[in-house]
Structure formats: C-alpha cells, structure tokens
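All remarks here apply to the structure that follows.
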Amino acid sequence: MTDNVREISMIPDMSADDVTDVTAVTGQKSLSFSEAPAGGNDVTDVMPQKESLPTSKVIQPGEITPLPELLEPHIPYEKRPCWHVYDDFTRLDNGKLMRPGTYYLYFEEDDDGAILMDKWVCSPLHIEAQTSDRRDNNFGRFLRFKDSKGRWKTWAMPMELLRASGEELRGTLLTMGVLIDPHSFRELSCYLLQTVAPKKQINCSLQTGWYGRHAYVLPDQVIGPDADQVVFQSNQAAYEEFCAAGTLTAWRENVAAKAVGNPMLALGLSCAFVGPLLQLTHSEGGGIHMLGDSSSGKTTIARASSSVWGGKEYRRSWRTTANGLEGAAALFNDGFLVLDEISECDPSDVGEIAYALGNGYGKQRASRYGSARPVTRWLTFALSNGERSIATAIREGGGRVKAGQSMRLLDLPTKRKYGVFDDLHGFDHGAALSDYICSEALLNYGHAGRVYLERLTHDDRNFSEYLRQIKSLPGFQVNGAEGQDKRAAGRFALIALAGELATEYGITGWPSGTATEAAIIGYHTWKAQRGEGNDEKRQIFSALLDFIERHGDSRFSDMDDKDSDKMVRDRAGYWRDENSVRTYYLNADGMKETLKGFDFKLSLDLLEQNGIIPPGNSKGERAHPIRVHGKTVRLYRVDFERLQNDGAPVYPAQYPEA
C-alpha cells in the first residue's frame, strides 16, 4: 500500500512564494516547561519582562527569509491517527508547507490506497503537564500555546471545562488569543482529552496565597524559591486586579514618601502588606474601617494602598451582597482587600459581610443533587472606608450591632489637621496633595507588593515572635484593658509589623519606626472613639438607655398614679421619683424587648455587676415582686442615673496627635 499513499490536506497548499501577506511572527526561544513562568490564569508571556512585546506588521516579499527545503519528515500513515503541533511554518520532506498549528493527522482508505489527511484544529498548543491539587483532585492540563500575535503563553486549564460540549473552554481559549477552526471543536476536545495523560506532573492551587512556606501564588505569577512547583489554576481567562505599571522607585518617591508625617496614610499603606503575614503569624482575618467626612481624603488612602498590588481595578466597592463578596474575598486570600464607600452597600448586608470577612468562610450550599458543596474559605485583611461607621450602617438596616461585627472591622476616625493629613509636603492644601497622590498611584502600581513577596518568601524568621515583641511596646499597652482592647491592639501591632517589614525590605523608603508610630496613633484613636470597657457590655447598656429614652413617656407610667394606667399601651414598665431621681421599673416583656439580640442571662449579669439592677434573690431571680396599684408585679428596678454614667457611649472631642 506504500506506493498508493495519497495526501490530502485540510488547509490550502502553500509554498514560499505564497507567503507574501502573512503577519509577522516574532521568533521566540523554545522554552522547556521548567523555564515557563509558573503563573496562572492571567496567561503569562514566556518573553522576559524587560523585552518589548512583538508588534504585528505586514511582511513585504523582499523581507521573507526563504524556507529550508526540509525541516522534518511527514508523518506516514502507519503512525496515524495522531496529533502533531507545528510551531512555525514547516517544510516537510514531501514538499508540503505546513502552517503553524495543532493538527489531527489521520488517513482514509479508498480503492486507490490510503489518503493522508492533515486537519488543522487550532493555533500551536502543547500539553506540557498534568496538574492536580494536594488531595489529588481538581485535575487539569498545563498548556503552552501561541496567540494570534505570535506570543507564547501558558495556562493551567481545569479538566472540568471539557464537560458537555466544551463551549466554555473554547470561549476562554479564544479570549486568550488561540485561533480555533469552527468546524474542528470536537477534535480540540479530543486532543485535550487524550487517553494517555502527560507524564510530567505539577501541583496546582485554586486560590491565590501561600502554597507551602516558600511559594506565594498570584493569578499571573508564582513568587518564591518553590515557584516552579505550583501553578494557579482557574477557569477564568484573566484577572485585571493584579497588574503593574511604572516603577517601584517612582511609587516610593511619589506615593509612599508622602506618608511620612501623615500617620493615617502610613497606616493605610501598611495595611496593604498585612495579608501575607496573617498565616505566618497565626492571626485572624478582619480589617480596618476608616470613617470620616466626605472629600476628607479617605478614598485617597484607599487608592494609595491599592497601588501596592494593582491599578484602579484593584479596589472593590461596598456595592455588593454577602454572597457576591465571597468570590472577591477568595480572590484576595492571604492578601489585601479594599472596599470603598460603605454607603453604597445595602445596610441589611453590612453585618453579614463584616462577619464573613473576619470568619473567613462563606455559606454552606447544597449541590444540584442535595449534597453539601465545598465551602469557600479565605484569610484576608480588609481596608474599608465610608462616612458611616459599621455600627451606624447596621442600625440603618434595622439590625442590632453585635460585638463580633465591630471587632472584625474596627471603626477608625481619620480626622486630622488637614482632612486625613498632618503634613502637606509643600502643597497648598489637602485636596492638592490628595490629587497628586491619586494621580501617581494610577501611574505607578503593582511593584511594591511583588517585591515584598519576593523578600518575604525568602525570609524564614519567626514572625509570631516578631509580632509578640511589637505587641509588648508601651504604645500598645493600656491600663485595665479588656479582652477586646487587647484584640484590637494585636491587630494594630500586626499593621505595624507589616509596615516595618516593607521598610526593612527597602520598599517604602520610610525611616524605621514610621509604621509603628502610625499604628500606635491608630490604636489610641480607635480607643478614644470607642470608649472604655467591653464592647458588648457597652452595647447592652446603650440598648437599655436608648429604650428608656425612646419609650419613657409613652410605655411607662407613674407607679403612684392609678389614673396614668389608662394612657399606656404595650406597657414596658413604670417609673417613680426616688430622692429627686427618676427610677424605672421594667416588666419581663419590656426587659426582653430591650435585650433582644443579646444573651438574656449574660446581659442581666452585666447589669447586676455594674449596679444598674439589684442583685438576684436566693433563686437568682433579678425581677423582684413590687406592689403596684393594688397588685403584685415582678419588675426589674433600673438605676437610671448609674445607667447614664456607665452605659452612654463616649466620643472624644479631639484625637491623638502624631
């Protein structure tokens, strides 16, 4: 049959004289898998970063380099069917010129012998390795391919994209520049689903963040000594959040330098470096919520801190739901999340979002078959801002503020001498400095975070011990501080550690101690606006005080005036003037309504411990029998004067100076 072999190509025959209008394909060094960047879904160019990207132009006939007479032999019918990839125009030993691409090579029989068929499926696409996660799940293929501009790229493709007709996969490949024959989509799926898996194996990560101690995964790059051991695998074509422009030097001189003498800006920039330290210091997630008046400079701090990792696309808006935030938080796992303007969020979602950010996991959902889906998890540090506090936003949504919510996102007033600034660095006013910082942050971004990770992945110090030393500084010690105060002090100390590390690594250019001073000022500012004591205790006191002040005239009546009963509906209790001081007596329904959302017994314990209600009897009952209008009623006696002193929130007239 050898003498009766005929060749039929699924593409037009081409000779050297025919290639006059072909778009130039820049020659590239052929890289092995280990040389390719072990990045991920943002599709990393194989070309070194400092080289300029190839541009397309039309080749004139006189510029064409003659093709060699022979580059490689044709594939005989004995070895077909098979797949073959030609990276460039290739002359076969039978004289045929093959255009670059991935081919399905097969043959058909007829009366005259075997007919060799060469079917072009897509542009050059190599299957370099098989990927899987640490539990040997989430298998995929690590692909290397040439886009329509002639640039080599890589992508870790999840195998699940090949389900059904594979339309989602083809759409993703087309987005990344792969040319696909519209009549050969089935062959493309067959090529990627070859029965023999690639021999080369590589680990994949489905989230950004740490993979071991010496590899940190970003969507487009893995940083660290073990970067060649893992790739980022996702079904998304690109992530615009993590990108870079300008230079680190320009960012240091024009953005970071303006934080010297401005503790709020220094604090915000230090927050940007906290995320990768959470796991290394065994710290919980959470964040800071910067609040202040409109146009005071809060958004400037958000833009400046975002520029550590990316451009203007890096910031996220509060205009989201609790469900929608799960995807964003997972993308910034072990990283930094910026949420701008809390007023854009539905108030009913604020409390749930605050809890989710700190807890680090999403909702449990059922699959289409009724079984439990895997829960999305993350560990992230957030920087939020707005004109309203977290507590105010929750109350506007009709919710009751809980201590856990306020501790996950700490409300931090940003009011300083000039908006958020103390030092204008030669500018006429705060608005001019804000405009300058914002414009420079749009020109220079994304470099500081990557350099920070490069240093951090090579730094094997015990950061938990380093954090303990910072926590022990006098600025983070407060006499009589309760558990929540110490918890907040630990978070500000972690911000100080992150900023000092970035300074030590030569990233910020700040004098040593700048980040620590800013964190201490931030901690004492937070304490000043919060007041003393346990947050939940103050909330219980405030709830009782607020209830009495709102309903004291409508749902309470004079205990010594029988006629006053006729005017009261939905009675909550009584009042009586004792030694010229008004005292309120709440019935069981009134007290339960007041303390709705709190642990009832714990609330009564706190009220008793602070002398606001009398001690209980031998049975532990705090509602005592009292004779009112000829009948005995069990009531809770509330010392209103003591409640006003212990339960009222305290707001400072001024904040600590730098």
Side-chain angles (χ1 to χ4, degrees), residues 255 258-272 286-307 315-319 336-345 347 350 353-354 357 381-396 401 405-425 427-438 441 488 491-492 495 499 515 517-531 649-658:
V255 177
K258 301 302 182 286
V260 177
N262 288 312
M264 288 301 156
L265 179 57
L267 186 74
L269 289 174
S270 297
C271 286
I288 301 294
H289 176 70
M290 291 188 165
L291 59 100
D293 298 334
S294 175
S295 303
S296 61
K298 304 183 305 298
T299 299
T300 299
I301 296 176
R303 290 175 177 173
S305 58
S306 297
S307 67
R315 282 183 301 136
R316 294 298 177 102
S317 171
W318 263 100
R319 192 175 183 179
F336 180 54
L337 172 63
V338 181
L339 292 173
D340 197 15
E341 196 46 64
I342 195 172
S343 62
E344 295 183 2
C345 183
V350 172
I353 290 174
L357 287 175
F381 193 88
L383 180 64
S384 166
N385 67 58
E387 297 175 36
R388 299 177 299 174
S389 67
I390 297 294
T392 301
I394 293 174
R395 291 192 186 101
E396 288 183 1
V401 182
Q405 294 165 329
S406 60
M407 291 306 299
R408 281 161 175 78
L409 283 176
L410 303 177
D411 286 326
L412 179 65
T414 57
K415 182 177 177 58
R416 305 298 297 179
K417 188 175 181 180
Y418 307 103
V420 299
F421 303 113
D422 291 82
D423 185 346
L424 295 180
H425 288 269
F427 288 86
D428 294 335
H429 44 75
L433 178 56
S434 287
D435 291 342
Y436 178 81
I437 293 173
C438 290
R491 183 168 302 167
F492 281 100
I495 296 172
E517 180 184 4
I520 291 174
I521 290 174
Y523 175 55
H524 286 275
T525 301
W526 171 81
K527 277 190 61 62
Q529 67 86 29
R530 174 181 180 270
V650 179
Y651 297 98
Q654 58 185 2
Y655 301 104
E657 296 295 331

Test side-chain contact (heavy atoms from CB on, under 4.5 Å) on V420 and T300 and set out the steps. CA-CA 9 Å; V420 299; T300 299; 5.7 Å; no

Between the side chain of N262 and the main-chain N/O of M264, is any donor-acceptor distance below 3.5 Å? no

Give the minimum heavy-atom separation between D428 and L424, together with the two atoms involved. O-CD1, 3.9 Å

Please name the residue in the list K417, R416, K258 that meets the salt bridge (charged side-chain N to carboxylate O under 4.0 Å, His left out) test with D422. R416

Can you tell me which residue pairs pass the side-chain hydrogen bond (donor to acceptor under 3.5 Å, both in side chains) test with a partner in residues 287-299, sequence neighbours excluded? H289-S384

Sidechain-backbone polar pair: Q529 side chain, D411 backbone, donor-acceptor under 3.5 Å: yes

List for me each residue that meets side chain to side chain contact (heavy atoms under 4.5 Å, CB included) alongside A488, sequence neighbours excluded, and say none if there are none. M407, L410, Y523, W526

Please report the C-alpha distance between M290 and L267 in whole Å, then the side-chain angles of each, then the deciding distance to 0.1 Å, and finally whether the side-chain contact (heavy atoms from CB on, under 4.5 Å) criterion is met. CA-CA 10 Å; M290 291 188 165; L267 186 74; 4.1 Å; yes

Between CG on residue L383 and CG on residue L339, distance to nearest 0.5 Å: 8.5 Å

Kindly give the heavy-atom pair with the smallest separation between P263 and G261, and that separation in Å. CD-O, 3.6 Å

Taking all non-hydrogen atoms of both residues, which atom of S434 and which atom of G297 are closest, and how far apart? OG-CA, 4.3 Å

Atom pair SG/CZ of C271 and F336 - distance to nearest 0.5 Å: 6.0 Å

Say you draw a straight line from CD1 of I288 to CZ of F492; how long is it, rounded to the nearest 0.5 Å? 4.0 Å

The criterion is ring-ring contact (aromatic ring centres under 6.0 Å, His included); which residues satisfy it with Y418, sequence neighbours excluded? none

D340: side-chain hydrogen bond (donor to acceptor under 3.5 Å, both in side chains) partners, not counting sequence neighbours: R315, N385

Restricting to side chain to side chain contact (heavy atoms under 4.5 Å, CB included), what partner residues turn up for A431, sequence neighbours left out? H429

Closest heavy-atom contact between G268 and S305? O-CB, 3.4 Å

With sequence neighbours excluded, what pairs up with S270 under the side chain to side chain contact (heavy atoms under 4.5 Å, CB included) test? I495, W510, A515

Going by the rule side-chain hydrogen bond (donor to acceptor under 3.5 Å, both in side chains), which residues pair with S306 if we only count those two or more places apart in sequence or in a different chain? none

With R303, which residues qualify under salt bridge (charged side-chain N to carboxylate O under 4.0 Å, His left out), at least two apart? none

Approximate separation, where rounding is to 0.5 Å, of L265 CG and L433 CG: 8.0 Å

Out of curiosity, I342 CD1 to L291 CG, how far, rounded to the nearest 0.5 Å? 9.0 Å

Between I437 and F427, is there a side-chain heavy-atom distance shorter than 4.5 Å? no

Work out which heavy atom in A304 is nearest to a heavy atom in A441; give both atom names and the distance. CA-CB, 4.4 Å

Nearest heavy-atom approach of E341 to E387 is OE2-N, 3.8 Å

